[in-house]
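Bear in mind that the values here come from a model prediction, so they are computed numbers and not experimental data. To find a chain, count down the sequence lines: A is the first, B the second, and so on, and within it residues start at 1.
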Amino acid sequence: MSDVEIRTRLAPSPTGAPHVGTAYQALFGYVWARKNGGKFVLRIEDTDRERSSAESERAIIDSLGWLGIKWDEGPDIGGPYGPYRQSERLEIYHRHVEKLVAEGHAYPCFCSRERLERVRKERQKSGAGSGYDRKCRNIPPEEAGKRVENGEEFTVRMKVPLEGTCRFTDFLRGEIKKDWSSIDDQVILKADGYPTYHLAVVVDDHLMKISHVIRGEEWINSVPKHILLYRFFGWKPPVFCHLPLLRNKDRSKLSKRKNPVSLEWYRRTGILPEALLNFLGLMGWHPADDEEKFSVEEMVEKFRLEDVSLGGPVFDLDKLKWLNGRYIREDLTTEQLMNRLEEWALNRDNFTRILETCKGRMTTLSDWGRLTPHFFTEDIEYRKEDLLLDGLDETGTCEVLQVVLWELERLTPFDKDTIYRMFRKLSDRTGIKLKKLTAPLYVAVSGKTVSTPLFDTMEILGSDVTRMRIRKAMERLGGLSGKRLKKLEKEYERSNVTGRGLD
RNA sequence: GACCCCAUCGUCUAGCGGUUAGGACACCGGCCUUUCACGCCGGCAACACGGGUUCGAUUCCCGUUGGGGUCGCCA
């Protein structure tokens with residue numbers, strides 16, 4: 001294999017804010033490629049029409065740029081195997097799907113979503129495992145072809161063997177076996193003509209000559225489906241290497257409910273990109289010389305993919321901060337530190353926006369210090385009694401804050417007018433006066449009952465910091481039990497049948 | 001629930017048959033210092049359990065337990 005160029009890729013789907021887990025996989029893929037003098041490819045997996053957005057893609061590219069991770073080929077810079085955006089490769093997928101159908105490896109499925117859901121439930125109950133019952137697998141091809149031509153809605157599914165075992169090798173774990181009977185016939189082409197992940201990833205990884213698929217552990221169970229597609233096409237599969245999943249303190253998969261996961265949050269709260277990358281590099285890997293502070297350059301030097309450990313690492317903010325501190329103290333001259341601060345928040349634009357919020361409250365120039373600390377620190381302490389919504393207890397307040405959180409999550413753009421409209425509507429819907437409703441938010445966002453204008457403040461802080469602070473405030477109030485949260489979520493969804501928030 | 005993956009201090013990890021089980025974060029002492037922080041020194045703290053294999057298991061095998069993931073026309 002030494003004669004084949006090492007090519008790795010990062011394949012994020014542009015749905016929502018760039019995730020720290022994406023950066024983690026990017027780092028390892030990037031370092032492994034560089035180590036071997038290979039190429040690192042960025043491919044945007046925007047096959048989910050509903051959730052993908054150009055805005056999110058921009059944010060991903062922007063965040064990776066902030067981190068200093070550079071790709072050799074990608075949607076923004078092109079490359080020999082483009083396009084690098086899956087939505088622009090539909091003809092390619094169609095061609096491949098047609099081939100599979102023609103060769104009898106795949107078939108159109110006409111089952112309705114309702115039926116599928118029913119079948120899933122029944123099978124779940126009867127213990128047959130869940131999934132599809134392969135109803136359409138035995139429709140004669142001519143008949144199926146006719147139904148397709150008649151315009152009947154369909155998906156395409158791949159024919160998974162009914163028996164036998166799939167064996168494959170994971171670079172870190174060795175041989176893994178999985179019975180084919182545990183896998184149902186996967187959809188590879190959706191009714192809207194877009195491919196599913198399984199098809200697109202295989203076709204693209206092959207066409208883009210990816211040598212090592214480095215991705216999160218959550219994909220292990222999908223490998224057999226991919227292997228099967230490689231077989232159908234007569235292609236040689238790449239090396240599969242599944243990285244452990246980053247974890248919350250309770251060891252569940254890292255989630256925004258329990259941790260800051262948005263790269264933007266780290267940036268906004270003053271984490272240096274080199275420190276974040278260094279820290280991520282310590283998750284599952286450790287340099288032989290025990291020196292825990294290292295640059296990406298040094299990591300490239302010392303890295304061995306085969307040394308990645310498999311226990312899911314808990315993401316420990318304390319250690320990140322310690323590392324970050326070392327970078328500030330040891331690596332930056334005061335001059336450079338000043339420049340970093342300027343890039344970060346102490347620049348004319350940002351400071352002007354902040355001053356707008358407090359000018360009316362100033363009597364001396366030095367008042368800005370007293371009025372604006374919450375724009376510059378994450379070190380905010382909450383007094384419980386300040387946080388309570390008038391007339392409600394801890395849990396009641398948390399429920400309101402949770403709904404605010406859900407609303408803020410879907411807000412675009414995140415500016416004061418939009419935020420205001422959201423609160424206005426929330427106030428109307430709940431019957432809680434706006435003034436009453438926003439009171440705990442002032443505290444959550446600034447730590448104080450007397451503070452800068454709420455919506456302006458939120459806009460300046462940005463969505464990620466704002467939401468994290470609200471979450472922290474909820475935590476201070478004791479949070480919501482899982483049961484309560486579920487119930488609230490149901491009510492919330494029911495009150496928003498359009499699925500578009502309160503709009 | 002079924003399937004798959006995993007298992008060393010609270011956390012990140014080193015270890016790849018014989019070690020006083022090493023380092024780092026956090027925590028606790030002490031030193032330095034006008035305070036705090038930094039820095040330095042020291043301390044606390046782990047091989048999940050049960051069977052094998054072996055002269056000898058943290059290390060290899062099996063089981064149990066525990067944790068995680070997956071079971072979507074989402075990735």
Side-chain angles (χ1 to χ4, degrees), chain A residues 11-16 19 21-22 44-52 86 109-113 116-117 119-120 123-132 153-157 165-166 168 170 172-174 176-201 215-225 242-254 278-293 306-326 328-330:
Chain A
S13 89
T15 54
H19 197 276
T22 305
I44 298 295
E45 310 229 319
D46 55 347
T47 54
D48 183 338
R49 305 260 279 139
E50 288 289 308
R51 299 194 307 143
S52 296
Q86 291 185 328
C109 168
F110 305 95
C111 293
S112 68
R113 287 163 208 263
L116 291 175
E117 193 163 330
V119 168
R120 224 184 338 261
R123 288 169 65 89
Q124 187 91 273
K125 225 183 269 169
S126 73
S130 59
Y132 182 51
E153 186 173 275
F154 69 100
T155 62
V156 176
R157 289 179 185 269
T165 302
C166 178
F168 63 95
D170 177 89
L172 296 170
R173 293 155 230 265
I176 294 174
K177 291 180 263 190
K178 190 165 172 62
D179 288 340
W180 287 118
S181 61
S182 69
I183 305 168
D184 66 352
D185 287 354
Q186 298 292 307
V187 171
I188 55 176
L189 190 73
K190 308 185 225 180
D192 65 2
Y194 276 61
T196 60
Y197 173 84
H198 302 301
L199 180 87
V201 80
R215 71 226 310 176
E217 193 179 357
E218 74 249 55
W219 292 110
I220 285 192
N221 281 312
S222 296
V223 175
K225 306 166 193 170
H242 293 89
L243 260 20
L245 250 27
L246 265 23
R247 311 282 189 94
N248 297 311
K249 261 203 168 56
D250 64 5
R251 298 210 166 267
S252 54
K253 175 161 105 169
L254 197 68
N278 186 163
F279 176 68
L280 255 14
L282 250 12
M283 305 272 88
W285 182 73
H286 195 85
D289 59 17
D290 259 356
E291 178 48 67
E292 293 194 301
K293 184 176 169 225
E306 56 271 45
D307 285 347
V308 171
S309 60
L310 298 174
V314 171
F315 196 91
D316 179 14
L317 268 178
D318 278 332
K319 189 153 181 174
L320 205 210
K321 282 189 191 159
W322 163 78
L323 250 186
N324 203 58
R326 284 192 66 185
I328 290 177
R329 277 178 257 121
E330 298 171 11

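Nucleotide B:rG39 is matched to B:rC31 when pairs are restricted to Watson-Crick or G-U wobble geometry with both distances under 3.5 angstrom. Using the Watson-Crick or G-U wobble rule with both distances under 3.5 Å, B:rG1 pairs with B:rC71. Under the Watson-Crick and G-U wobble criteria, each requiring two contacts below 3.5 Å, nucleotide B:rC25 is paired to B:rG10. With a 3.5 Å ceiling on both atom-pair distances, the Watson-Crick or G-U wobble partner of B:rA48 is B:rU64.
Rounded to an integer number of Å, the gap from CG of A:Asp184 to C1' of B:rU70 is 12 Å. For A:Phe168 and B:rC4, the CZ to C1' distance is 8 Å, given to the nearest whole Å. Distance, A:Asp170 CG to B:rC3 P: 20 Å, rounded to whole Å. With rounding to whole Å, A:His198 atom NE2 is found 10 Å from B:rG72 atom P. B:rC74 atom P lies 13 Å from atom CD1 of A:Ile188, rounded to whole Å.
Using a 4.0 Å cut-off between charged nitrogen and carboxylate oxygen, A:Glu217 and A:Lys253 do not count as a salt-bridge pair. Under 4.0 Å is where a charged nitrogen must lie from a carboxylate oxygen, and between A:Arg173 and A:Asp170 at least one such pair does.
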**Asked** Could you go step by step and tell me if A:Met283 and A:Leu246 meet the side chain to side chain contact (heavy atoms under 4.5 Å, CB included) rule?
**Response** CA-CA 8 Å; A:Met283 305 272 88; A:Leu246 265 23; 4.1 Å; yes

**Derivation and outcome, side-chain hydrogen bond (donor to acceptor under 3.5 Å, both in side chains), residues A:Ser181 and A:Asp179** = CA-CA 5 Å; A:Ser181 61; A:Asp179 288 340; 4.7 Å; no

**Request:** Apply side chain to side chain contact (heavy atoms under 4.5 Å, CB included) to the pair A:Leu282 and A:Leu323, showing each step before the final yes or no.
**Result:** CA-CA 11 Å; A:Leu282 250 12; A:Leu323 250 186; 4.1 Å; yes

**Message:** What verdict does the side chain to side chain contact (heavy atoms under 4.5 Å, CB included) test give for A:Lys293 and A:Glu330, after you've listed the backbone C-alpha separation in whole Å, the side-chain angles of each residue and the deciding distance to 0.1 Å?
**Reply:** CA-CA 11 Å; A:Lys293 184 176 169 225; A:Glu330 298 171 11; 2.9 Å; yes

**Asked** What do the steps show when you test A:Lys319 against A:Leu317 for side chain to side chain contact (heavy atoms under 4.5 Å, CB included), and what is the final call?
**Response** CA-CA 5 Å; A:Lys319 189 153 181 174; A:Leu317 268 178; over 6 Å; no

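Contact check for A:Ser13 versus A:Asp48: no side-chain heavy atoms found under the 4.5 Å cut-off. Within the 4.5 Å cutoff, side-chain heavy atoms of A:Asp184 are placed close to those of A:Gln186.
Comparing the same atom, P, in B:rC31 and in B:rG18 gives a spacing of 42 Å after rounding to whole Å. Between the P atoms of B:rA37 and B:rG29, the separation comes to 12 Å (whole Å). Using C1' as the reference atom, B:rC4 and B:rU8 are 24 Å apart when rounded to the nearest Å. A gap of 16 Å separates the C1' atoms of B:rU13 and B:rC6, to the nearest Å. Taking atom P on both nucleotides, B:rC9 is separated from B:rC49 by 11 Å, rounded to a whole Å.
When each of A:Pro244 and A:Arg173 is assigned the nucleotide of RNA chain B with its nearest heavy atom, A:Arg173 is the one assigned upstream, toward the 5' end. The residue among A:Val314 and A:Ser182 whose nearest nucleotide of RNA chain B lies closer to the 5′ end is A:Ser182.
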**Item:** Footprint string (nucleotides 30-39 of chain B, 5' to 3'): B base within contact, S backbone only, - free, heavy atoms under 4.0 Å
**Value:** --------SS

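A:Lys177 comes within 4.0 angstrom of sugar-phosphate atoms only, judged by non-hydrogen atoms across all strands, and of no base. As judged by a 4.0 angstrom heavy-atom cut-off over every strand, A:Glu45 is placed among residues touching the sugar-phosphate backbone only. Base engagement by A:Leu116 is indicated by at least one non-hydrogen atom pair under 4.0 Å involving a base atom. As judged by a 4.0 angstrom heavy-atom cut-off over every strand, A:Gly284 is placed among residues touching the sugar-phosphate backbone only. Counting any heavy atom pair closer than 4.0 Å across all strands shown, A:Ser13 reaches sugar-phosphate atoms only and no base atom. Nucleic acid contact for A:Ser222: none, since no nucleic acid atom lies under 4.0 Å from a heavy atom of the residue.
For A:Lys319 and B:rA26, a side-chain-to-base donor-acceptor distance below 3.5 Å is absent, hydrogens and geometry of angles not being considered.
Which of B:rC25, B:rC3, B:rC5 sits closest to the side chain of A:Ile220 comes down to B:rC5.
OP1 or OP2 of B:rC73 sits under 4.0 Å from a side-chain N or O of A:Arg120. Distances shown here put a side-chain N or O of A:Lys190 below 4.0 Å from the OP1 or OP2 atom of B:rC74.
The minimum heavy-atom distance linking A:Leu254 with A:Arg247 is given by the pair CD1-O, 3.6 Å.
The aromatic rings of A:Phe315 and A:Phe279 stand perpendicular to each other, their planes meeting at an angle above 60°, with 30° marking the opposite boundary.
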For nucleotides 66-68 of chain B, list the nitrogen or oxygen atoms of the protein found under 3.5 Å from its nitrogen or oxygen atoms, one pair per line.
| unit_1 | atom_1 | unit_2 | atom_2 | d |
| --- | --- | --- | --- | --- |
| B:rG68 | O4' | A:Arg247 | NH1 | 3.4 |

